[in-house]
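Inspection log for the structure reproduced underneath, given as structure tokens.
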2 protein chains.
Amino acid sequence: MAAQDTKVQTRAKGQATADRVRAAAMKRFAQAGYAAVSMREIASDVGVRPGALYNHFQTKQDILNDLMLGHMAQLLDAWETADFPDHMDALERFVRFHVRYHLERADEVFISYMELRNLEPDNFETIETERRKYEAILTEILEKGAQDGRYTPEHPKVTTRAIIAMLTGIPAWFRESGPLSKSDIEDHYVNLVQNAVLRAPGQSPRETG
Amino acid sequence: MAAQDTKVQTRAKGQATADRVRAAAMKRFAQAGYAAVSMREIASDVGVRPGALYNHFQTKQDILNDLMLGHMAQLLDAWETADFPDHMDALERFVRFHVRYHLERADEVFISYMELRNLEPDNFETIETERRKYEAILTEILEKGAQDGRYTPEHPKVTTRAIIAMLTGIPAWFRESGPLSKSDIEDHYVNLVQNAVLRAPGQSPRETG
DNA sequence: CTTGTAAATGAATGATCGTTCATTTATTTA
DNA sequence: TAAATAAATGAACGATCATTCATTTACAAG
């Protein structure tokens, strides 16, 4: 690591600019959408001429792809390294992790599911693979809970998508100035999700239709 | 009505073209996003020259606004006129209605929540007003159920958004060719939603954290 | 201090955008 | 059939787009 310090130092300025490009693109993409944002706007935010962006990213598409790849990698890594009280069950861990992460990284999350269709096919496939890994975490939790008889066993993959859609929608309406704190939201969603899938003792699955 | 038949007839051809513009724009916007669709593409789909579009819509923005206004109006009207078995409770009605409607009008729904940010401020406000009306239907159902002691009383507005986000996400992954039919999906979501908010007799609200 | 390279500039490229408009074509009214 | 009006055409407008590139500037290495 120390042996490469000089080399790292050499490219420090370029790295810094690239990071500012990422930050500017993130905000712009989140607010206006990929297709509505111009390279000129990003360059202006960074304080640089449009052409200079191409010293750091080959195309506009590469910026979007970089942001989405980075988001998925960080999301999966954050889950791996997250720590929770020992007594907390897996489902509650997942819900709390997901809500927290999505409330703290609203822009990244928003882009990552709004701009999927603006990814070129190859990039799209890569991102979809990462997304499926994340969904698999929750599906596995639900399946394990179903085996134990604690959760309802029906359609764990569908339930996964239902839960994730429910949670991912939070940043769209949550406002710091609202009546509920982030912690309140977290608690409420834990409750909703647990109730949705819990098979209460002595309570058989309801018949509907 | 009959007295205006001649006048209606006069504009019948224009109406037909306008409808085809709507249909083409709907598909294109849903697939690629408003900003990524050109008036030339829409005109080409309709089988007309770009300039002809302006005989029916003043601007590209007006097309988007027309689609979203139409969707919200039809959604609210469909709820008003929907009929269900007498014995079915309000929450189940809402969930079944919402799932069905969204599975049948995937493009309209997708546009209406993906393209909100591409609406100019005035148009956005109008659509938001309609959207709030729709959310209010579910909130009222939850509040009434809470008064009766059937549903958990916490944060009905937040729960409304959680449920709607969960349901609205379905068209994003549902495929006719998948293992579950539309009817299966409907049943499963009814179950999830009912469990999420039901206060089972003798079951006090769970403590979390 | 010189050399090599990274980073940024400034100007230009061709393409495409939404929109306008005088004109032509189609259809309906009188 | 003649007049009126709706609808569509074809060509053009200026603006903006992503991207390229020869050149200049900044900076670290030897």
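Lettering of chains follows the sequences in order, A, B, ..., and the numbering in each one begins at 1. Predicted model only: the values in this text are computed from it and were never measured.
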| Distance, rounded to the nearest Å, where B/Leu53 contributes CG and C/dG18 contributes P | 10 Å
| D/dA7 phosphate, OP1 or OP2: any side-chain N/O from B/Thr17 under 4.0 angstrom? | no
| Looking at B/His56, does any N or O in its side chain come under 4.0 Å of the phosphate oxygens OP1/OP2 on D/dA6? | no
| query | In whole Å, what is the span from the CZ atom of B/Arg20 to the C1' atom of D/dA7? | reply | 13 Å
Give me, pair by pair, the N or O atoms of the protein and of nucleotides 16-20 of chain D that are less than 3.5 Å apart, along with how far apart they are.
| unit_1 | atom_1 | unit_2 | atom_2 | d |
| --- | --- | --- | --- | --- |
| D/dA18 | OP1 | A/Val37 | O | 3.2 |
| D/dA18 | OP1 | A/Met39 | N | 3.2 |
| D/dA18 | OP1 | A/Lys60 | NZ | 3.3 |
| D/dA18 | OP2 | A/Met39 | N | 2.9 |
| D/dA18 | N7 | A/Arg40 | NH1 | 2.8 |
| D/dA18 | N6 | A/Arg40 | NH2 | 3.0 |
| D/dT19 | OP2 | A/Tyr54 | OH | 2.8 |
| D/dT19 | OP2 | A/Lys60 | N | 2.9 |
| D/dT19 | O5' | A/Tyr54 | OH | 3.3 |

| field | A/Arg49 vs C/dA8: side-chain N/O to OP1/OP2 distance below 4.0 Å | value | no
| said: For A/Gln61, is there any backbone N or O sitting under 3.5 Å from a side-chain donor or acceptor partner on A/Tyr34? | reply: yes
| field | N-O pairing of B/Arg28 and B/Asp45 below 4.0 Å | value | yes
| task | Give a yes or no answer on whether the side chain of A/Glu115 reaches the backbone of A/Ser112 with a donor-acceptor pair at less than 3.5 Å. | result | no
| task | Find the distance B/Asn55:CG to C/dT24:P and express it as a whole number of Å. | result | 17 Å
| Expected output: side-chain A/Arg22 to main-chain A/Leu67 donor-acceptor under 3.5 Å | no
| request: Tell me yes or no: between the side chains of B/Ser181 and B/Asp184, is some donor less than 3.5 Å from an acceptor? | output: yes
| Under 3.5 Å, side chain of A/Thr159 to main-chain N/O of A/His155, donor-acceptor pair present? | yes
| request: Return the value, rounded to whole Å, for the distance between atom CD of A/Gln15 and atom C1' of D/dC27. | output: 16 Å
| task | Grab the CD1-P distance between B/Ile42 and C/dC17 for me, whole Å please. | result | 11 Å
| query | Between C/dA7 atom C1' and A/Phe57 atom CZ, what is the distance in whole Å? | reply | 14 Å
